[in-house]
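So the structure is just underneath, and the comments pick up after that.
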Amino acid sequence: MKTRDLILFAFVAGLIVLTGFLQSWNTALKILNMGMISAIMAVGVNIQWGFAGLFNVGTMGFVALGGLAVVITSAAPVPAAWDAGGPKVVFALLLAVAMIVGAVMLWRRVPVGRVRAGVMAAYAIAGFFIYRALFDSAVQAIEAVDPSTAGYLGGLGLPVLLSWPVGAALAAAAAWVIGKTALGLRSDYLAIATLGISEIVISILKNEDWLNRGVKNVIGLPRPVPYEIDLQQSVGFAERAAAIGLDPVTASTLFVKLCYSALFGIVLALILWGAQMALKSPWGRMMRAIRDNEVAASAMGKDVTHRHLQVFVIGSAICGLAGAMMTTLDGQLTPTSYQPLRFTFLIWVMVIVGGSGNNFGAVLGGFLIWFFWVQAEPLGKLAMETLTAGMAADSPLRAHLIDSVAYMRLLSMGVILLLVLRFSPRGLIPER
């Protein structure tokens with residue numbers, strides 16, 4: 001890294017430390033933890049766009065699948081729901097997979113023409129009604145089991161850290177299915193396809209109560225770190241907190257956040273190391289050659305579509321891993337919180353501002369943009385209150401300016417993006 005790059009990282013670190021002194025260390029650690037998760041998401045998008053030029057605007061869907069993996073892997077199972085309709089739902093899903101396989105085989109064996117069209121239509125209609133008859137009755141039975149607190153199958157009750165690689169695998173599997181269909185499209189069509197598919201994923205999470213309680217949310221997910229209340233009730237911890245001048249409540253919240261920081265820091269370091277090794281390898285040089293000139297790379301014998309599928313799956317898996325980490329940090333899965341602005345377009349701003357094609361730039365952009373995303377509103381409120389301090393209390397202009405604080409996040413993101421594109425078009429840490 002160059003001296004300029006180190007200065008930029010030191011500047012971001014200084015902003016977080018300054019937050020600790022001026023606001024609170026709890027706030028600073030919150031920014032640090034979500035900054036690391038955002039940086040991991042940015043690295044995933046950078047691998048797709050910076051390495052291969054794939055314009056994926058469905059990041060939100062892969063992040064949400066990572067969150068779903070935490071529920072499936074780590075939430076406690078609901079025995080009553082399994083007794084009511086669990087085996088039937090599993091059978092219906094397996095039947096759906098078998099019917100898809102059967103449709104593919106049938107398509108290959110029936111001769112081309114009207115006979116094939118008729119056979120496929122009859123097969124699809126019959127299969128749909130059989131599947132829905134089995135699936136709907138099982139779902140109704142599951143969702144009727146204590147819907148205020150359960151109403152879903154629950155998970156496997158495994159340690160929550162196992163859900164992180166499961167989230168990556170689930171996102172990778174979805175990316176493989178999407179990539180096999182959409183990667184043959186033109187770049188703008190790929191963007192539309194991935195955006196639409198991500199919305200489908202969120203719609204499923206919001207409506208399939210048997211899977212993750214839908215909009216009723218899954219709360220109380222297991223944690224890989226101690227609970228604050230347990231630390232506060234520990235005599236030894238209280239004594240150590242008092243020795244450094246902290247009350248048990250403050251000390252416990254700081255300790256838990258520091259534990260998350262250590263876990264997230266290890267994951268971010270490993271992913272950054274792997275991304276750097278991939279970028280410097282022959283594979284990375286090949287991906288950039290494909291990105292710069294697909295026709296020339298294809299003429300040299302490279303399977304462009306296959307390589308695009310590889311990098312699409314890898315980048316999506318990283319986003320799924322970050323989604324699982326975020327749900328673990330939150331302790332709950334809230335499908336309505338997944339919005340394109342936060343989990344797609346803001347991640348793209350991080351990549352563009354940090355430097356497309358540079359992994360360290362993506363990490364820098366993740367921390368920097370997340371910091372301003374969090375602090376834009378309080379800083380905007382302070383600025384507006386200072387600006388309107390001399391105005392009358394009933395001034396319409398004063399009321400309008402104070403009400404405009406809610407839009408400071410969007411304004412600040414736009415201003416930052418414009419300034420970077422104007423004075424550093426390739427990002428703060430450009431590709432080298």
Side-chain angles (χ1 to χ4, degrees), residues 1-16 35-57 59 187 264-300 302 304 307-308 310-319 321-322 345-372 413 416-432:
M1 293 179 66
K2 294 184 176 181
T3 304
R4 177 177 177 273
D5 303 343
L6 294 174
I7 292 173
L8 288 171
F9 275 102
F11 172 72
V12 175
L15 291 176
I16 296 174
M36 284 190 279
I37 293 175
S38 298
I40 292 172
M41 295 181 191
V43 170
V45 172
N46 183 60
I47 287 175
Q48 294 174 336
W49 173 251
F51 285 22
L54 295 180
F55 190 31
N56 170 25
V57 289
T59 309
S187 59
F264 296 166
I266 292 171
V267 175
L268 176 58
L270 290 174
I271 288 177
L272 183 57
W273 174 80
Q276 281 296 101
M277 292 299 101
L279 183 63
K280 296 176 181 178
S281 69
W283 180 85
R285 292 191 291 271
M286 176 190 64
M287 292 309 308
R288 285 189 286 181
I290 292 174
R291 176 199 65 188
D292 294 337
N293 194 325
E294 289 187 16
V295 176
S298 180
M300 295 296 293
K302 305 302 180 184
V304 173
R307 298 303 180 181
H308 277 172
Q310 280 184 344
V311 79
F312 187 70
V313 169
I314 293 171
S316 300
I318 293 174
C319 291
L321 171 64
F345 300 110
L346 191 64
I347 305 303
W348 272 96
V349 173
M350 294 174 183
V351 173
I352 294 170
V353 169
S356 174
N358 191 308
N359 293 312
F360 287 101
V363 172
L364 176 70
F367 281 106
L368 183 65
I369 295 301
W370 179 252
F371 175 85
F372 284 111
M413 292 302 103
I416 292 172
L417 186 58
L418 287 174
L419 289 175
V420 171
L421 290 176
R422 171 61 183 84
F423 296 103
S424 184
R426 297 173 60 206
L428 297 176
I429 306 180
E431 181 181 4
R432 299 185 178 96

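All figures in this text were calculated on a predicted structure; none of them were measured in a lab.
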Is there a donor-acceptor pair closer than 3.5 Å between any side-chain N or O of [X] and the backbone N or O of [Y]?
X: Ser316; Y: Phe312; value: yes
X: Arg288; Y: Ala52; value: no
X: Asn46; Y: Ser356; value: no

Review item, side-chain donor-acceptor pairs of residues 421-429, under 3.5 Å, at least two apart:
residue	atom	partner	partner atom	Å
Ser424	OG	Gly427	O	2.5
Arg426	NH2	Glu431	O	2.4

Are any of the side-chain heavy atoms of [X] and [Y] separated by less than 4.5 Å?
X: Phe360; Y: Leu272; answer: yes
X: Ile369; Y: Ile416; answer: yes
X: His308; Y: Val304; answer: yes
X: Phe9; Y: Val363; answer: yes
X: Ile40; Y: Phe264; answer: no

Problem - Test log, rule side chain to side chain contact (heavy atoms under 4.5 Å, CB included), inputs Met41 and Val45 - result: CA-CA 6 Å; Met41 295 181 191; Val45 172; 5.7 Å; no

How close do [X] and [Y] get, heavy atom to heavy atom, and via which atoms?
X: Trp49; Y: Arg291; value: O-CD, 4.1 Å
X: Phe367; Y: Ala39; value: CE1-CB, 4.2 Å
X: Ala42; Y: Ala362; value: CB-O, 3.5 Å

Problem - Member of Val313, Ile314, Asn56 meeting the side-chain contact (heavy atoms from CB on, under 4.5 Å) criterion with Gln48 - result: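 For Gln48, the side-chain contact (heavy atoms from CB on, under 4.5 Å) test succeeds with only one of Val313, Ile314, Asn56, which is Asn56.
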
Exercise for the section: Run through Ile47, Val311, Leu279 and flag the one making a side-chain contact (heavy atoms from CB on, under 4.5 Å) with Met287. Expected result: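 Only one option passes, and that is Val311.
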
Handout entry: Pairs meeting criterion side chain to side chain donor-acceptor pair (under 3.5 Å) with involvement of residues 264-278, two or more places apart
Key =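 Matches after skipping sequence neighbours: Gln276-Asn359.
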
Handout entry: Pair Phe345-Met413, side chain to side chain contact (heavy atoms under 4.5 Å, CB included): steps then yes or no
Key = CA-CA 11 Å; Phe345 300 110; Met413 292 302 103; over 6 Å; no

Exercise for the section: Mark yes when over 12 heavy atoms from residues, nucleotides or ligands other than Met277 sit less than 6.0 Å from its CE; otherwise mark no. Expected result: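 It does: Met277 CE has more than 12 such atoms within range.
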
Measure the [atom1]-[atom2] distance between [X] and [Y] for me, rounded to the nearest 0.5 Å.
X: Met286; Y: Arg307; atom1: CE; atom2: CZ; result: 3.5 Å
X: Met350; Y: Leu417; atom1: CE; atom2: CG; result: 12.5 Å
X: Ile37; Y: Trp370; atom1: CD1; atom2: CH2; result: 9.0 Å
X: Asn358; Y: Leu364; atom1: CG; atom2: CG; result: 9.5 Å

Exercise for the section: Show your reasoning for whether side chain to side chain contact (heavy atoms under 4.5 Å, CB included) applies to Arg432 and Lys2. Expected result: CA-CA 11 Å; Arg432 299 185 178 96; Lys2 294 184 176 181; 3.7 Å; yes

Exercise for the section: Just jot down the side chain to side chain donor-acceptor pair (under 3.5 Å) partners of Trp348, sequence neighbours excluded, or say none. Expected result: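 For Trp348 there are no side chain to side chain donor-acceptor pair (under 3.5 Å) partners, ignoring immediate neighbours.
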
